[in-house]
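Scroll down for the structure; my scribbles are underneath it.
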Amino acid sequence: MTDNDVVDLLVRQHEQIKSQFTEVENAAPEDKAAAFQRLVRLLAVHETAEEEIVHPYARRHVDDGDDLVDERLAEENAAKDMLTQMERAGVDDPQFAANLATLRKAVVEHAEAEEREEFPRLRQAAGDKELRAMALGVKAAEALAPTHPHAGVETAPKNLLAGPPAAIMDRARDVIRKATGRA
Ligand SMILES: [Fe+2]
Ligand SMILES: [Fe+2]
């Protein structure tokens, strides 16, 4: 596994997202909001990176890419809507735990579909150079979403990436476009 391969990076992020769901589920009441905010950030940054970098490539270069990507985008939009509603309602909402379980199931199924149908074909279509170039953009976005709440490390990204998912996605999109020269 290497950080220079966009598929490796995204699969690793899938694992981080799954373990962050577990952290939110297991968090003490006083830690739940912060744990959920980290999940929001991870998901927002991950899906934005896929939407900006990986899905467009798959659409152009992979057989049946259009259909494949349309399905993944529909799932990402549904998850985004749910995340937005949950962020608005807050972790004290009586439905929070049930919504979190529903979201987790949908996100895991979505990630599995990417790993099964999209990523292998992407890897086949793209050369090493392209996989590395795509990884650069994903890594630039990933720097905005540290997974662990170490003092100091999280301060700057927290300021940049507080608030609702849509705001985080806008910020991630800017960073990715700059990193990939499309600003
Ligand atoms: Fe995705
Ligand atoms: Fe993904």
Side-chain angles (χ1 to χ4, degrees), residues 1-24 36-87 99-126 130-147 161 164-177 179-180 182:
M1 151 134 10
T2 156
D3 267 7
N4 295 321
D5 178 316
V6 73
V7 171
D8 285 346
L9 257 176
L10 293 173
V11 169
R12 194 187 69 199
Q13 290 183 354
H14 286 170
E15 295 311 310
Q16 286 173 341
I17 287 164
K18 285 178 214 166
S19 61
Q20 192 60 38
F21 268 105
T22 304
E23 277 194 38
V24 179
F36 180 63
Q37 186 59 37
R38 285 197 294 281
L39 176 68
V40 169
R41 229 178 290 159
L42 268 182
L43 273 173
V45 165
H46 175 79
E47 301 301 351
T48 304
E50 288 177 342
E51 285 169 21
E52 286 291 310
I53 299 168
V54 175
H55 296 332
Y57 190 92
R59 208 185 263 291
R60 285 194 305 270
H61 299 286
V62 160
D63 286 344
D64 298 326
D66 269 330
D67 289 345
L68 204 67
V69 168
D70 285 344
E71 282 176 42
R72 296 298 81 77
L73 284 176
E75 293 161 359
E76 284 169 13
N77 286 329
K80 233 179 274 176
D81 288 346
M82 188 157 191
L83 203 58
T84 301
Q85 284 170 20
M86 288 175 72
E87 204 269 341
N99 287 340
L100 189 70
T102 304
L103 180 67
R104 179 179 190 144
K105 189 168 176 285
V107 165
V108 168
E109 284 171 4
H110 167 75
E112 284 169 356
E114 287 175 340
E115 291 179 24
R116 194 176 55 239
E117 294 170 24
E118 184 177 1
F119 294 172
R121 294 190 220 179
L122 182 85
R123 187 171 252 153
Q124 224 171 20
E130 288 161 311
L131 291 172
R132 272 202 304 276
M134 286 189 266
L136 270 184
V138 174
K139 275 197 277 192
E142 187 179 59
L144 293 169
T147 43
L161 288 184
I168 299 174
M169 286 170 178
D170 284 346
R171 174 77 188 130
R173 205 168 288 122
D174 285 349
V175 167
I176 291 163
R177 288 184 181 178
T180 53
R182 290 183 292 135

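All heavy atoms count here, side chains included; hydrogens, waters and symmetry mates do not. Just so you know, ligand 1 is whichever comes first in the structure, and atom 1 is the first atom listed for that ligand. Given the structure is predicted, the values throughout are model-derived calculations rather than measurements.
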Original post:
When you check the gap from the basic side-chain N to the acidic O, do R12 and D5 get nearer than 4.0 Å?
Top reply: no

**OP:** State whether R173 and E52 are salt-bridged, where the test is any N-O pair (Lys NZ or Arg NE/NH1/NH2 against Asp/Glu carboxylate O) under 4.0 Å.
**Re:** yes

**OP:** For the Fe ion (ligand 2), find the closest N/O/S atom on E114 and give its atom name.
**Re:** OE1

Original post:
By atom name, which N, O or S atom belonging to E50 lies closest to the Fe ion (ligand 2)?
Top reply: OE2

Subject >> Vertex the Fe ion (ligand 1), arms to E47 OE1 and H110 NE2, rounded to 10° >> reply: 110°

**OP:** Tell me, please, if E76 has any N/O/S atom, main chain or side chain, under 2.8 Å from the Fe ion (ligand 1)?
**Re:** yes

Subject >> Expected output: side-chain R121 to main-chain D63 donor-acceptor under 3.5 Å >> reply: yes

Original post:
If you measure only the distance, is there a donor-acceptor pair under 3.5 Å linking the side chains of H46 and Q16?
Top reply: no

